[in-house]
There are 2 protein chains.
Amino acid sequence: MNTPLKHSRQRDAIVSFLMGTTEHPTADTIYINIKKTFPNISLGTVYRNLALLAERGEILKLSCDGKADRFDATTDPHYHFICSECGDVIDLEMESIDQINTIANANFSGEITNHVAFFCGKCENCLNNQKKEIN
Amino acid sequence: MNTPLKHSRQRDAIVSFLMGTTEHPTADTIYINIKKTFPNISLGTVYRNLALLAERGEILKLSCDGKADRFDATTDPHYHFICSECGDVIDLEMESIDQINTIANANFSGEITNHVAFFCGKCENCLNNQKKEIN
DNA sequence: TTTGATGCAAATGTTTTGCATGCAA
DNA sequence: TTGCATGCAAAACATTTGCATCAAA
């Protein structure tokens with residue numbers, strides 16, 4: 001369904017770096033890491049490939065507030081938690097909440113086909129640090 | 001609970017402009033409109049006041065993808081629809097979906113306190129235009 | 001009079017883009 | 001050899017910030 005792409009070693013490196021991490025890195029973090037293998041790679045190439053891959057559904061792009069976008073190689077539907085303290089992004093394992101589309105569509109005159117959602121609060125680490133500070 | 005603010009006519013104008021529209025304007029749109037009354041107002045002042053008001057919960061700031069933030073004077077909890085065609089942002093009237101916090105928290109080791117969500121699809125206008133094109 | 005708010009402009013951070021060159025097919 | 005992908009640098013965009021001045025209390 002997608003036009004075949006010309007192979008590129010830089011793009012391969014980006015994909016395999018993303019697959020090897022659960023950290024949801026930003027474009028810049030990816031850039032810095034790929035540089036270890038391709039010292040000449042440019043940030044523009046990283047951005048171009050990330051946009052291309054996201055467009056094709058091979059990776060996910062996570063946008064949140066004004067901060068830099070983050071990327072995720074796990075493309076099967078899942079939700080993210082963003083820690084309000086440290087900013088870490090964590091994959092959530094949870095049952096489907098797709099019914100919210102139906103709920104939202106109930107009194108709406110257009111057509112709702114999907115939603116974007118993420119959850120906020122404190123991650124385990126920050127909760128523990130908080131407890132230490134109190135004691 | 002909030003430290004009292006020194007009164008400012010520019011801030012008043014921003015608030016009343018926001019209260020008089022359902023369009024969810026961007027900072028720049030607000031700036032252009034306030035300029036009709038305060039030709040010397042600066043974009044920095046608009047941004048500063050929008051941030052201040054959002055922080056105090058007097059307005060809502062809507063961030064979505066890489067696009068410019070939009071602002072909403074309606075602060076009671078509600079969700080937004082964003083048209084994938086024309087980009088319009090529309091307030092949704094729908095029943096609460098707060099239970100998704102509980103669902104998300106079920107297998108999570110941190111603490112989820114809230115979520116950010118918006119719905120996507122086609123608005124009524126774009127649906128109608130689509131039909132016209134087909135005929 | 002004091003201090004927060006403003007206007008202006010420069011700086012920031014992120015992302016995109018034009019263009020000549022390089023590499024995959 | 002053809003054309004997409006790259007590297008580089010400049011530009012685009014949204015937003016923030018430093019600073020001198022202004023105006024609200």
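Distance OH (Tyr31(A)) to P (dT14(C)): 14 Å, rounded to an integer number of Å. Atoms CG (Leu52(B)) and P (dT15(D)) sit 17 Å apart, rounded to a whole Å. One interatomic measurement links the two molecules: CG of Asn49(A) to P of dC4(D), which rounds to 15 Å at whole-angstrom precision. Rounded to whole Å, atom P of dA5(D) lies 12 Å from atom CG of Asp12(A).
Two end axes, each from the C1' atoms of five base pairs, can be drawn for the helix from dT1(C)-dA25(D) to dA25(C)-dT1(D); they diverge by 30°, to 10 degrees.
Judged by closest nucleotide on DNA chain C, Val46(B) is the one of Lys6(A) and Val46(B) placed further toward the 5' end.
Contact of Arg48(B) with dG4(C) (side chain to base): no donor-acceptor pair of N or O atoms is detected under 3.5 Å. Side chain Arg9(A) to base dG22(C): no donor-acceptor pair is found below 3.5 Å.
In summary, the side chains of Asp72(B) and His78(B) do present a donor paired with an acceptor at a separation below 3.5 Å, with no hydrogens or angles considered.
A distance-only check finds no donor-acceptor pair linking the side chain of His115(B) to the backbone of Phe118(A) [under 3.5 Å]. A donor-acceptor pair under 3.5 Å is absent between the side-chain atoms of His80(A) and the main chain of Asp91(A), judged by distance alone. Between the Arg11(B) side chain and the Leu5(B) main chain, no donor and acceptor come within less than 3.5 Å of each other.
Distances shown here put a side-chain N or O of Gln10(A) below 4.0 Å from the OP1 or OP2 atom of dG7(D).
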